[in-house]
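What follows is a short report on a single structure.
Just so we're on the same page: letters track the sequence lines, and every chain starts at 1. The structure presented is a predicted model; accordingly, all values stated were derived computationally and were not measured.
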Amino acid sequence: MQDFVQELRVIEKKWQEEWNKAKIFESDPDDRPKFFITIPYPYLNGNLHVGHCRTFTIGDAVARFKRMCGFNVLFPMGFHVTGTPIIGLAELIAKRDPRTIEVYTKYHDVPEDVLLTLTTPEKIVEYFSKEAESALKDIGYSIDWRRKFTTTDPPYQRFIEWQFWKLKEKGLVVRGSHPVRYCPNDENPVEDHDLLMGEEATIVDFTIIKLYSWHEKFGKIVFPCATLRPETIFGVTNIWVKPTKYVLAKVNGELWFLSKEASEKLRYQEKEVEIVEEVDANDFVGDFVVNPILAGMLIDEIVDLLKDGKRFEGLSDDGKLRKVVEEITKGELAKELIELFKKSLNGEVGKFEVLRRIVVPILPAEFVDTDNATGVVMSVPAHAPYDYIALEDLKRDEKILRQYGIDRRLIEIEPIVLIRIEGESYEVPAVDVAKELGIKSQSEKDLLDKATKIVYKKEFHKGVLLETTGKYAGMQVSKIKDILQKDLIDLGVGDIFYEFSEKPVVCRCGTKCVVKVVRDQWFLNYSNPEWKAKVLSWLEEMTIIPDYYKEEFRNKIEWLKDKACARRKGLGTRIPWDKEWLIESLSDSTIYMAYYILAKFINEGSLKAENVTPEFLDYVLLGLGDAEKAAQSSGLNVETVEQIRKDFLYWYPVDLRSSGKDLVANHLLFFLFHHIAIFPKEHWPRAIAVNGYVSLEGKKMSKSKGPLLTMKRAVAENGADVTRLYILHASEYDSDADWRKKDVEALAGHLRRFFNLVKEHYTKEPKEIDQLDRWLMSRFQKAIKETKDAMEKLQTRRAVNSAFFEVMNDVRWYLRRGGDNLVIILDDWLKLLAPFIPHICEELWHMKHDSFISLERYPEFDECKVDEKAEAVEDYLKRFMEDVKEVMKFVEKPKEVYVAFAEDWKIEVLKIAERAESMKQAMSEIMKNEQFRTMAKDISAFLKRVFKDREMFTVMDELNEREIIENNLEFLERELGVKIILDESKVPEEKRKLAMPGKPAIYVV
RNA sequence: GCGGGGGUUGCCGAGCCAGGAAAAGGCGCGGGGCUUAAGACCCCGUCCCGAAGGGGUCCGCGGGUUCAAAUCCCGCCCCCCGCACCA
């Protein structure tokens, strides 16, 4: 087999050179319809591998197919190097990281002495771009190499700058803040592969709800309660602190009570934090805080008790809420309410029931985690099992109650229910679930976690807010969080605290990561509703392959939020108006397909970086301004400018972007958004196709850890055409392919058989066409149809299956039947296969022709060559042989086979079927007849055949079975090793009855 | 949790949208032919039972619709992918 691969490699190199010499893949505008197909340029922090090979080979097969279908195809390629990984790799190589050295020598096949010199990003880019180009040439892709570029090329950077100016003009680049995972030691955001622990952790935003206390010494103190469920503010009965050290800190000018850890974390979250004093939480236990929201809602009921309560009268509900909240946040009203509550506790004033909902005590609980958010939490016993159980614990603990002087009435309160769960009969969810699980105390952490999960899950999905939540009543719990968070912030009593969902999160350097809010960050405003709407509606016009990805795209477009598009570190282009920031690397890869048109002129030297001015690009890419001005601004002559504009108008839009499925939720979305933002509608992308990954003997490949198989190695060991055919055939659409050495080798065997077979028959003189030849031609026509149809839908697996394997099987049968006129289909067969295995086809083609098969016209399906009768005859023979063999199994030494043809009910069925429009109709027609019902299975089987190939059966009617067997007697007797006698009288009566049209009775002796 | 895709005979994998053949193709395995022999190649077999082309069972699990279900409907279990600022 190795000999064959070596032979192949020679052939492949030869044709690659010939193609290159004849420049047949260099495309320029002409009269033909155009087809612009692109594939994401690879990121060069390693060698191209068989994963790239899948996406690229699909692209190349389509490009070749379309070219042969008469399109002027543009299939270009560039290289992506912007971003951080290449810098990271350079650092690792520079410091001789042993793991990196191992992976890059062992899997990426970089010679160690070369690898060790790749210590700067520039050297890495230079090395891998050369390697990539030679790998892509090695496998014979039909790329127009005149359009190659790298994303750090100066003209490219000017193109990117122009794009960002365009977006800014349209208001689509905006400023804002956003949270990132951050290492305080490295003073840098931490990427996934730089993590020691906590890769699963996501950043969650706790809502801080501020409750207000009044302290003799400190005055107003804010107790920032952190929660993931802000709606529970309506059911607060108390707040919890852990009986340990806390701090009082000035946070943006307000005095906050919070854990020490929290005060440190907040510094990274756009807060000015200044610690005033370390305090003992115990000193605050038993004090009271005011719930500003409840105060605002219930103020009417206590208005008479307030000093100047009249000021709250005559306002709307909302106005009242605002005023109350405003005064509480200033402190005085909080103080008054707390004093009022203390009085009612002493019986000096009434309204205890109302007041105790507004003013709640600070109580101690061990379950509070000071390293989670603020370390201060609200207690909502109706909906949080922890809170309920902690309160129960406290009720039993006389000592603690006495120690803190806590009045029993404060803890013996009814939980306040604020959520109804559809389809459940809970009265008080947290209490009911806690009882169900038999939870006794706070120390039963596992059970409490379980209970919490149950309650939260049910409430989140099926919960509806009750009247206790005022104006939010009737809303779904699942929808309330964002709304309420925003409302609370608007009122001035809410804030956000970012925290990891899991802990710890540890950087490679060993430091615990924090969430940092990056300020003044530049964002692409993907949440912009008009932009989104435009993208969504264009999506409906597009072709998405496979089609169910359209739904996926719809969802992802909806889900897309603003994206930070600037970074401090990495290779790339600076934001032109704010040079401290680099444009993030996915954001500079959105409309680069347009750049391929410029790249040709750049590479031939007629366009230089300094010529790429905004006015030039405005004209060339958008048709804005005029050629004169563009020429003036760029320093080019008008003809060149017009030429480039003409090229752009010819090639744009992108007709097909074929990509791996990993890019759906990022690059492909951005690709759509940016095209739609920048270009006029006629230049928006037409189609996107998505394909799956490639694994290696069942194992996932990894660039940075291995295993990995480079494209170059795959081609060197197996040949380009074997590699191509394997990868195209390995799987379809988004399902993943597996590279298995054994299977690849088996495929090489198939290809060799094909190669030798064609070589043997190709130069033979065609003979007169006989019945069997007509069968072959007919079958082949169907393969053409199937293959073309599959290719139009980018089903390469199906295409290869039909063009290669199925034709191969037919050819085998043809030869077995004694066919010796194979040459009649060979021209077309080679053409049919040329997009998949171009080198072999080119080689064979040249045995008889001087032209390039790569430029020949793809075979057309020719209805006239379809011969249903010829196919029916062969089918009949195959079926007959099978039947005879089946029967022969049961006879020890079969010598003679007697055959009896007969007719019976099947004729009738056949007749009904011929009248019927559809199989369904035929079946129900037939089933009306009671005697047929018992044979439904047989009939349906028969009918399926009839309808699968209706024409064949119309022919079947006229088929002379006796004649077919007589004509092929010699073949049949040879294949079956028996004598066949067409004497019906020798077949026993009961057997003769079994005969059906197309299925004669057989008697073996 | 949300969203998308899946679970098919020893393995990989078609079929499912448009219900109708123990279910394409490949691999593996077994047998035969060819050959001095091995390899390559060609043919046959590969769920169970069966000495006459037959019967039984089968497409994650459980129901339902239908003359007929891998395919349609309902419920359940399990697996993969994405959830971002990273290419």
Side-chain angles (χ1 to χ4, degrees), chain A residues 1 40 42-43 45 80 82-86 178-180 189 191-193 202-203 456-457 460-461 478 518 521 523-524 546-549 551-556 558-567 584-587 589 661-667 669 692-693 698 703 729-738 740 742-743 746-747 749-750 752-753 756 797-798 801-802 805-806 809 812 815-816 882-892 918-920 923-924 926-928 932-945 947-948 975 988 991 994 999 1001-1004:
Chain A
M1 191 54 62
Y43 185 76
N45 64 338
H80 189 205
T82 34
T84 50
I86 286 178
H178 87 286
V180 296
E191 288 165 28
D192 274 359
H193 58 266
T202 56
I203 295 173
Y456 278 25
K457 196 168 160 181
F460 185 81
H461 292 290
S478 56
V518 182
Q521 167 70 279
F523 283 86
L524 286 163
D547 54 8
Y548 49 80
Y549 265 77
E551 180 65 15
E552 179 83 342
F553 271 105
R554 250 178 236 130
N555 295 333
K556 298 295 185 209
E558 301 269 9
W559 151 91
L560 195 63
K561 294 183 205 149
D562 286 359
K563 175 181 157 58
C565 61
R567 295 224 59 183
E584 178 274 327
S585 74
L586 287 174
S587 309
S589 303
K661 62 183 173 184
D662 50 329
L663 300 185
V664 170
N666 42 70
H667 165 72
L669 290 186
Y693 309 123
K703 262 187 180 181
H729 184 65
S731 64
E732 201 87 289
Y733 284 157
D734 65 325
S735 58
D736 298 337
D738 191 26
R740 264 174 282 174
K742 250 187 162 171
D743 289 3
L747 186 69
H750 281 282
R752 180 174 58 180
R753 239 165 290 155
N756 293 335
R797 182 190 166 95
R798 201 179 118 215
N801 213 38
S802 112
F805 290 99
E806 279 177 22
N809 278 342
R812 267 192 229 175
L815 296 175
R816 189 172 157 198
E882 260 171 49
D883 284 350
V884 172
K885 272 188 223 159
E886 177 76 21
V887 179
M888 274 164 53
K889 276 201 307 201
F890 301 100
V891 179
E892 216 162 285
S918 66
M919 170 140 66
K920 206 169 178 145
M923 197 66 195
S924 54
I926 291 159
M927 285 304 139
K928 281 178 190 161
F932 282 148
R933 278 175 96 108
T934 52
M935 329 192 275
K937 209 169 177 181
D938 295 337
I939 293 173
S940 76
F942 182 61
L943 271 185
K944 197 187 175 189
R945 274 204 90 84
F947 276 88
K948 190 177 159 198
E975 288 283 329
K991 296 236 165 290
L994 290 171
K999 198 172 161 101
I1002 295 155
Y1003 182 66
V1004 182

Given the P atoms of B:G26 and B:A14, what is the spacing between them in whole Å? 15 Å

I want to verify a distance call: between B:C85, B:A52, B:A40, whose nearest atom is closest to the A:Arg752 side chain? B:A40

Could one point to a donor on the side chain of A:Asn666 or the base of B:A87 with an acceptor on the other under 3.5 Å away? yes

What interatomic distance, in whole Å, is found between P of B:A24 and the corresponding atom of B:C47? 10 Å

Quantified in whole Å, what is the C1' atom distance between nucleotide B:C44 and nucleotide B:C78? 39 Å

Considering only heavy side-chain atoms of A:Arg797, the closest of B:C85, B:G25, B:C43 is B:G25

Starting at NE2 of A:His667 and ending at P of B:G82, how long is that distance when rounded to a whole Å? 18 Å

With heavy atoms under 4.0 Å as the rule, sort A:Val1004 into base, sugar-phosphate or nothing. base

Nearest-angstrom distance, P atom, B:G7 to B:G60: 7 Å

Using the C1' atom in both, what is the distance from B:C11 to B:C29, to the nearest Å? 11 Å

For A:Tyr549, report the nucleic acid contact type (base, sugar-phosphate, nothing); a contact means any heavy atom under 4.0 Å. nothing

Run A:Lys661 and A:Tyr693 through side-chain contact (heavy atoms from CB on, under 4.5 Å) and show every step you take. CA-CA 8 Å; A:Lys661 62 183 173 184; A:Tyr693 309 123; 3.4 Å; yes

Would you kindly give the NZ-to-P distance between A:Lys661 and B:G6, to the nearest whole Å? 11 Å

Of A:Lys742 and A:Lys561, whose nearest nucleotide on RNA chain B comes first from the 5' end? A:Lys742

Run the numbers on A:Val664 and A:Glu552 for side-chain contact (heavy atoms from CB on, under 4.5 Å), then give the verdict. CA-CA 8 Å; A:Val664 170; A:Glu552 179 83 342; 4.1 Å; yes

Rounded interatomic separation in angstrom, taking OH from A:Tyr733 and P from B:G13: 18 Å

Taking atom C1' of B:A52 as reference, at what distance in whole Å does atom CG of A:Asp883 sit? 11 Å

State, to 0.1 Å, how close A:Ser587 and A:Lys563 come at their nearest heavy-atom pair, and which atoms those are. OG-CE, 3.7 Å

Across all strands shown, which nucleotide pairs with B:G20 by Watson-Crick or G-U wobble geometry, both distances under 3.5 Å? B:C67

Strictly by Watson-Crick or wobble contacts shorter than 3.5 Å, is anything paired with B:G1, and which nucleotide is it? B:C83

Between B:G28, B:A52, B:C12, which one does the side chain of A:Arg740 approach most closely? B:C12

Atom-pair distance (CZ on A:Phe805; P on B:A24), nearest Å: 16 Å

Spacing of A:Leu524 atom CG relative to B:C86 atom P, expressed in whole Å: 14 Å

Taking atom C1' in both B:G55 and B:A51, what distance in whole Å separates the two? 15 Å

Does OP1 or OP2 of B:C43 have a side-chain N or O of A:Arg812 closer than 4.0 Å? yes

Check every strand shown and say whether A:Asn555 touches a base, only sugar-phosphate, or nothing at a heavy-atom separation below 4.0 Å. sugar-phosphate

Distance, rounded to the nearest Å, where A:Asp736 contributes CG and B:G4 contributes C1': 14 Å

Earlier contact from the 5' end, RNA chain B, for A:Asn801 and A:Ala730: A:Ala730

Considering only the P atoms, how many Å lie between B:C27 and B:C17, rounded to the nearest integer? 30 Å

Among the nucleotides B:C43, B:G25, B:C83, whichever has the atom closest to the side chain of A:Arg816 is B:C43

Which atom pair, heavy atoms only, marks the closest approach of A:Asp662 to A:Asn666? O-ND2, 3.3 Å

What nucleic acid atoms does A:Leu663 come within less than 4.0 Å of, heavy atoms only: base, sugar-phosphate, or nothing? nothing

Have a look at A:Ala665 and say if it touches a base, only the backbone sugar-phosphate, or nothing, with a 4.0 Å heavy-atom cut-off. sugar-phosphate

If you check every side-chain atom of A:Ala746, which of B:C27, B:C41, B:C85 has the closest atom? B:C27

Span that lies between the P atom of B:C43 and that of B:C34, in whole angstrom: 15 Å

Can you tell me the Watson-Crick or wobble partner of B:U9, both distances under 3.5 angstrom? none

Looking at A:His80 and A:Ser585, what are the two nearest heavy atoms and their distance? NE2-O, 3.4 Å

Closest non-hydrogen atoms of A:Asp734 and A:Tyr548, given as atom of the first, atom of the second and distance, are OD1-OH, 2.6 Å

In terms of heavy-atom contacts, A:Ala566 and A:Glu584 come closest through N-CB, 4.1 Å

Base, sugar-phosphate, or nothing for A:Asn45, non-hydrogen atoms under 4.0 angstrom? nothing

Of all the choices, B:G53, B:G3, B:C27, which nucleotide is nearest to the side chain of A:Ile1002 once you look at every atom? B:G53

Who pairs with B:U36 - Watson-Crick or G-U, where each distance is under 3.5 Å: none

The nucleotide from B:C85, B:C83, B:G28 with an atom nearest the side chain of A:Trp559 is B:C83

So which nucleotide from B:G3, B:C85, B:G82 ends up closest to the side chain of A:Arg567? B:C85

Steps toward side-chain contact (heavy atoms from CB on, under 4.5 Å) verdict (A:Lys561, A:Phe523): CA-CA 10 Å; A:Lys561 294 183 205 149; A:Phe523 283 86; over 6 Å; no

Within this structure, what is the CD-to-P distance between A:Glu732 and B:G15, rounded to whole angstrom? 8 Å

Examine B:C27: is either OP1 or OP2 under 4.0 Å from a nitrogen or oxygen in the side chain of A:His729? Give yes or no. no

Would you mind telling me which of B:G82, B:G4, B:A14 lies closest to the side-chain atoms of A:Lys556? B:G82

Given B:C83, B:G53, B:C86, which nucleotide is nearest the side-chain atoms of A:Thr84? B:C86

What closest approach, in Å, do A:Phe553 and A:Leu669 show between heavy atoms, and which atom pair accounts for it? CD2-CD2, 3.8 Å

